Amino acid sequence: MSQTHSPQGLVPVLAGDPEGIVDEWTAIVADSLRGRVSRAEVRSELADLYRALRAGLDDAVDTASFGELRALLSELSRARAIQGFSPRETAVSVFALKQVVSRRIGDDLPLSGFLEFSELIDDLGLQTFEAYSQAREQIIAEQAEQLLELSTPVVRLWDGIIAVPLVGTLDSARAQTVMEQLLEALTTYDADYAIIDITGVPAVDTQVAQHLLKTVMAARLMGAEAIISGIRPQIAQTIVALGIEFGDIATKASLADALSLALRRQDAARAASGA
């Protein structure tokens with residue numbers, strides 16, 4: 001925010017008719033939001049902003065001193081972003097005050113004082129837009145993370161056996177999510193076998209294979225055995241052509257085959273331990 005001097009001459013104008021100013025301000029902002037926020041809620045928000053503005057004008061040397069006002073604007077911007085309002089609709093909450101105050105230009109508020117106030121509002125509007133943009137970026141990132149988690153479910157197939165059915169592209173971000181959820185599920189279900197089903201993965205390249213291998217290694221570090229299922233003929237040909245080796249990792253054509261193998265190995269392990 002720029003170091004614009006605070007328009008001290010505006011203080012008497014704002015102090016002279018606070019209720020009227022807030023009412024006019026509320027009417028403009030509420031209309032722009034088209035009823036998606038109640039008028040009472042809008043008025044409460046703007047009344048807080050108005051109070052912080054007056055306090056800042058009383059105490060400030062420059063616009064950077066409006067700490068409480070800027071904090072309230074950041075909070076308002078985040079709320080508008082969460083509610084799905086556009087940047088324009090959000091900025092109206094600030095710029096509408098300029099329209100209200102402009103009607104009071106006269107003996108009590110000379111034009112020079114209004115121009116200083118206008119510059120202050122522009123600075124605050126810019127800060128509002130920046131806060132809105134940051135909030136939207138954070139919301140988008142959180143939603144993307146939630147979608148990754150939803151698109152990578154971990155299911156319990158049998159006592160001690162879990163499965164991760166993958167659908168879609170397996171990039172680095174999603175591979176990390178898969179690994180985290182798989183390891184957490186191994187602990188939650190006390191599982192010894194994990195089936196990673198790639199039937200829904202459209203293609204397997206070197207990068208995807210590396211992600212799968214890292215996930216299998218992580219499961220082994222947890223004491224679990226991983227089986228990769230969904231190796232279709234096209235996938236098998238691609239893996240051979242790329243020279244990718246899964247080593248001693250078990251692979252099966254279908255999830256059913258993988259489950260059958262896991263059950264056999266589970267029975268064999270129990271029989272061995274019983275002996």
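When reading the values below, keep in mind they use all heavy atoms of this one structure, side chains included, and skip hydrogens, waters and symmetry mates. Source: prediction; values computed, not measured.
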* Expected output: side-chain Tyr132 to main-chain Ala91 donor-acceptor under 3.5 Å -> no
* By salt bridge (charged side-chain N to carboxylate O under 4.0 Å, His left out) - contacts of Asp190 (at least two apart) -> none
* Asked: Got a sec, which pairs hit salt bridge (Lys or Arg N to Asp or Glu O under 4.0 Å) with one end in residues 32-42, sequence neighbours left out?
  -> Asp31-Arg39, Arg34-Glu89, Arg36-Glu89
* salt bridge (Lys or Arg N to Asp or Glu O under 4.0 Å) contacts touching residues 192-220 (sequence neighbours left out) -> Arg220-Asp248
* To do: Could you tell me whether the side chain of Thr215 and the main chain of His211 form a donor-acceptor pair under 3.5 Å?
  => yes
* Set of residues satisfying salt bridge (charged side-chain N to carboxylate O under 4.0 Å, His left out) with respect to Arg264, sequence neighbours excluded -> none
* Check for a donor-acceptor pair, side chain of Ser102 on one end and backbone N or O of Gln99 on the other, with a separation under 3.5 Å. => yes
* Distance-only, no hydrogens or angles: does the Ser77 side chain make a donor-acceptor pair with backbone N or O of Thr128 under 3.5 Å? -> yes
* Under the criterion side chain to side chain contact (heavy atoms under 4.5 Å, CB included), which of Thr199, Leu157, Ile196 is the partner of Leu255? -> Leu157
* Using the test side-chain contact (heavy atoms from CB on, under 4.5 Å), find all partners of Ala262 that sit at least two apart in sequence or belong to another chain. => Ile161, Tyr193, Ile227
* To do: Name all pairs fulfilling the side-chain hydrogen bond (donor to acceptor under 3.5 Å, both in side chains) condition that reach into residues 230-247, sequence neighbours left out, sorted by first residue then second.
  => none
Donor-acceptor list for residues 21-28 side chains, cut-off 3.5 Å, not counting sequence neighbours:
unit_1, atom_1, unit_2, atom_2, d
Asp23, OD1, Arg43, NE, 2.9
Asp23, OD1, Arg43, NH2, 2.8
Glu24, OE1, Arg103, NH1, 2.9
Glu24, OE2, Arg104, NH1, 3.4
Glu24, OE2, Arg104, NH2, 2.9
Trp25, NE1, Ser93, O, 3.0
Thr26, OG1, Val22, O, 2.7

* Asked: Which atom pair, heavy atoms only, marks the closest approach of Pro165 to Val155?
  -> CD-CG2, 4.4 Å
* **Residues which pass side-chain hydrogen bond (donor to acceptor under 3.5 Å, both in side chains) with Thr188, listed by chain and number, not counting sequence neighbours** => none
* Asked: Just wondering, more than 12 heavy atoms not from Phe95 lying within 6.0 Å of its CZ?
  -> yes
* Listed by chain and number, what are the side-chain contact (heavy atoms from CB on, under 4.5 Å) partners of Pro202, not counting sequence neighbours? -> none
* Asked: Quick one: side-chain hydrogen bond (donor to acceptor under 3.5 Å, both in side chains) partners of Gln134, sequence neighbours excluded?
  -> none
* Asked: Counting only N and O atoms by type, is there a donor-acceptor contact under 3.5 Å from the side chain of Gln127 to the main-chain atoms of Arg70?
  -> yes
* Qualifying salt bridge (Lys or Arg N to Asp or Glu O under 4.0 Å) pairs, either residue in residues 73-86, two or more places apart -> Glu45-Arg80
* **Results of salt bridge (charged side-chain N to carboxylate O under 4.0 Å, His left out) for Asp122 - residues two or more places apart only** => Lys98
* If we only count heavy atoms from C-beta on, is the Thr90 to Phe129 side-chain gap below 4.5 Å? -> no
